[in-house]
Amino acid sequence: MDKSFFDQVVDRRGTNSSKWDGLKNVYGTDDAIPMWVADMDFRSPPEVVEAIKQRAQHGIFGYTTVDEEYYAEVARWWQRRHGWNVKHDWIVTSPGTISALSVAVRTFTSPGDGIIIQPPVYPPFERTIRLAGRQVLYNQLMLNNSGRYTMNLEDLDKQLSQGAKMFIFCSPHNPVGRVWTKEELKELAAVLSKYEDVVIFDDELWADFVFPPNVHYPLLNVAPELAKRTITATSVSKTFNLAGLENTNLFIPDEQLRKTFEEAMFALALNKTNLFAIVATKAAYSYGEPWLDLLLEYLQENLQFIKTFLQEKMPTVSVIEPEGTYLAWFDIRQLHMSSAEVSQKLLHEGKVAVEEGTMFGPGGEGFLRVNYAMPRTLLKQALEGMSKALA
């Protein structure tokens, strides 16, 4: 396999794809290139597809159990890629990250409690908090003059001191693309360590999408002192484009925290994962590494293509330099239009569907989230549509 694998344009229409088949419901049209939902327009590793095929050919799909090989492959991956020695006993499976977050919110906090998020950030964080009857507290990221986001730890400390009960952390950060440094994580941990009753939900689903020289450091690897109250969410869903299999692995080192969480999951019948998620996870972590390494190179080339195109054709639009993920955070402030106005213009005149920055909370106005995990021919077509719309 070489990088030409990712040049293949695969028609996803008619496959129950939220990204493609859901366009009409969300944007009112299906005549646009979707750059919104955070999945990739690339086929998963051939070894994963083959493993699913082989299991399907068995023909019996009864109740399933997670085997030892599954836990071993998950642990080996995190040791190999991220230097974190994850214990088998820590791993809890869930049908998804947001379902796990919802259970954590309802289990470890009470109605009316404050829960801190760091906007602009993944919208389901806020939605989950509000639907549970909790209070959303914003610890907004700061954008410095060099175009880099940082955490406002002074504000975080203040909000924690006023009684917040949970902190939701996104690492690497969606949508701004920050890969937090070891020093930043240590500084964050120093603040969090002062508040021993605060539960930490650490979303590390984007851990495998990091561009050199940046390095992803698992929070608990840097700050093991936080392990008694931290739930770390991980998955193959982003890494290997398997989100439709609905599977998340949660790492919970503390036995009591894990037991309480598992009981809450069991009570809601959310304690099972599906058969094909088990098969795919084992195959992906066993054989998918060469595919991933090529993908990361291809994504970096896509990002460079975007930056060059914007400089030459749309100089009033720029990209906040992402250190990870496959999401570009477009800075459109020089256009002197709202995010909603620009996104509608791109949709109707450019035939491109993107997400308004305001969806991601405070600090999102003046920005767009653009998913560039697609074959370069499709990316070129989308950018040319944008250029036409903003000409």
Side-chain angles (χ1 to χ4, degrees), residues 96-144 148-178 180 184-206 219-220 222-223 225-233 250 252 254 257 260-261 264 329 339 355-367 369:
T97 301
I98 297 306
S99 59
L101 174 61
S102 181
V103 171
V105 165
R106 294 165 188 265
T107 302
F108 299 112
T109 68
S110 301
D113 281 350
I115 299 177
I116 300 172
I117 60 175
Q118 294 182 305
V121 74
Y122 185 48
F125 289 173
E126 178 167 343
R127 184 167 65 244
T128 299
I129 296 168
R130 293 196 185 282
L131 288 173
R134 276 61 169 173
Q135 181 184 1
V136 179
L137 303 177
Y138 298 122
N139 173 230
Q140 187 174 331
L141 298 181
M142 301 181 295
L143 181 60
N144 62 28
R148 195 166 192 250
Y149 283 91
T150 59
M151 287 185 274
N152 186 341
L153 296 182
E154 183 178 346
D155 176 70
L156 176 63
D157 196 355
K158 178 182 177 182
Q159 298 205 52
L160 289 168
S161 71
Q162 293 173 348
K165 295 300 182 183
M166 182 177 281
F167 171 62
I168 302 175
F169 186 48
C170 195
S171 175
H173 192 280
N174 169 12
V176 307
R178 272 307 316 275
W180 307 110
E184 286 174 311
L185 293 175
K186 286 181 178 177
E187 292 170 358
L188 171 65
V191 174
L192 294 171
S193 294
K194 294 163 58 177
Y195 305 95
E196 296 182 357
D197 62 337
V198 174
V199 173
I200 302 160
F201 192 92
D202 175 24
D203 177 356
E204 297 197 12
L205 261 70
W206 293 95
L219 176 62
L220 290 187
V222 173
E225 65 271 20
L226 300 177
K228 279 192 167 295
R229 52 207 171 87
T230 299
I231 297 171
T232 301
L250 304 152
I252 312 176
D254 184 75
L257 187 73
T260 302
F261 181 78
W329 192 234
S339 297
E355 290 181 306
E356 302 168 16
T358 48
M359 290 178 55
F360 300 86
E365 181 55 86
F367 298 88
R369 193 185 82 161

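For the single chain, residues carry numbers from 1 onward in sequence order. Note that this is a predicted model, so its numbers are computed, not measured.
- The two atoms that bring E204 and L219 nearest to each other are OE2-N, 3.0 Å, heavy atoms only.
- Ring planes of F108 and F261: parallel class, angle under 30° (limits at 30 and 60°).
- Remark: D203 engages F125, C170, L205 in a side-chain contact (heavy atoms from CB on, under 4.5 Å) (not counting sequence neighbours).
- Nearest heavy atoms, Q140 versus P362: OE1-CB, 3.4 Å.
- A donor and an acceptor atom, one from each side chain of Y195 and D157, are located under 3.5 Å apart.
- Listed here is the closest heavy atom pair of D202 and S171: OD1-CB, 4.3 Å.
- Screening D113, T109, D197 for a side-chain hydrogen bond (donor to acceptor under 3.5 Å, both in side chains) involving K165 leaves a single residue, D197.
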Do K228 and L257 pass the side chain to side chain contact (heavy atoms under 4.5 Å, CB included) test, and can you show the C-alpha distance, the side-chain angles, and the key distance before you say yes or no?
CA-CA 7 Å; K228 279 192 167 295; L257 187 73; over 6 Å; no
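- Judged by distance alone, the side chain of S102 and the main-chain N or O of I98 form no donor-acceptor pair under 3.5 Å.
- Ring orientation note: the planes of F360 and W329 are nearly perpendicular, at an angle over 60° on the 30°/60° scale.
- Atom CD of Q135 and atom CD1 of I115 lie 9.5 Å apart (nearest 0.5 Å).
- In this structure, a donor-acceptor pair under 3.5 Å is present between the side chains of E365 and S339.
- Contact detail for P120 and G363: the closest heavy-atom pair is CG-O, 4.0 Å.
- Here the straight-line distance linking atom CG of L153 with atom NZ of K158 works out to 15.0 Å at 0.5 Å rounding.
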Would you check, one step at a time, whether the test side chain to side chain contact (heavy atoms under 4.5 Å, CB included) holds for R178 with E184?
CA-CA 11 Å; R178 272 307 316 275; E184 286 174 311; 2.7 Å; yes
Would you check, one step at a time, whether the test side chain to side chain contact (heavy atoms under 4.5 Å, CB included) holds for E126 with I168?
CA-CA 10 Å; E126 178 167 343; I168 302 175; over 6 Å; no
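- In this structure, D254 CG and T260 OG1 are separated by 8.5 Å, a value rounded to the nearest 0.5 Å.
- In plain terms, the two heavy atoms of A100 and L250 that are nearest each other are CB-CD1, 3.7 Å.
- Looking at L141 and M151, their side chains come closer than 4.5 Å, going by heavy atoms from C-beta outward.
- Note that the CD atom of E196 and the CG atom of L226 stand 10.5 Å from one another [nearest 0.5 Å].
- Contact between G96 and S99 at its shortest, heavy atoms only, is O-OG, 2.9 Å.
- In this structure, R106 and L131 have side chains that are in contact, with non-hydrogen atoms separated by less than 4.5 Å.
- Taking OH from Y138 and CG from N152, the interatomic distance works out to 16.0 Å, rounded to the nearest 0.5 Å.
- Put simply, the side chain of F169 reaches to within 4.5 Å of the side chain of L188, judged on heavy atoms.
- In this structure a side-chain-to-backbone donor-acceptor pair under 3.5 Å is missing from H173 to Y149.
- To the nearest 0.5 Å, atom CZ of residue F167 and atom CG of residue L137 are 11.5 Å apart.
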Before you tell me yes or no, could you show the steps for V105 and R134 under side chain to side chain contact (heavy atoms under 4.5 Å, CB included), namely the whole-Å CA-CA distance, both residues' side-chain angles and the distance that decides it to 0.1 Å?
CA-CA 8 Å; V105 165; R134 276 61 169 173; 4.1 Å; yes
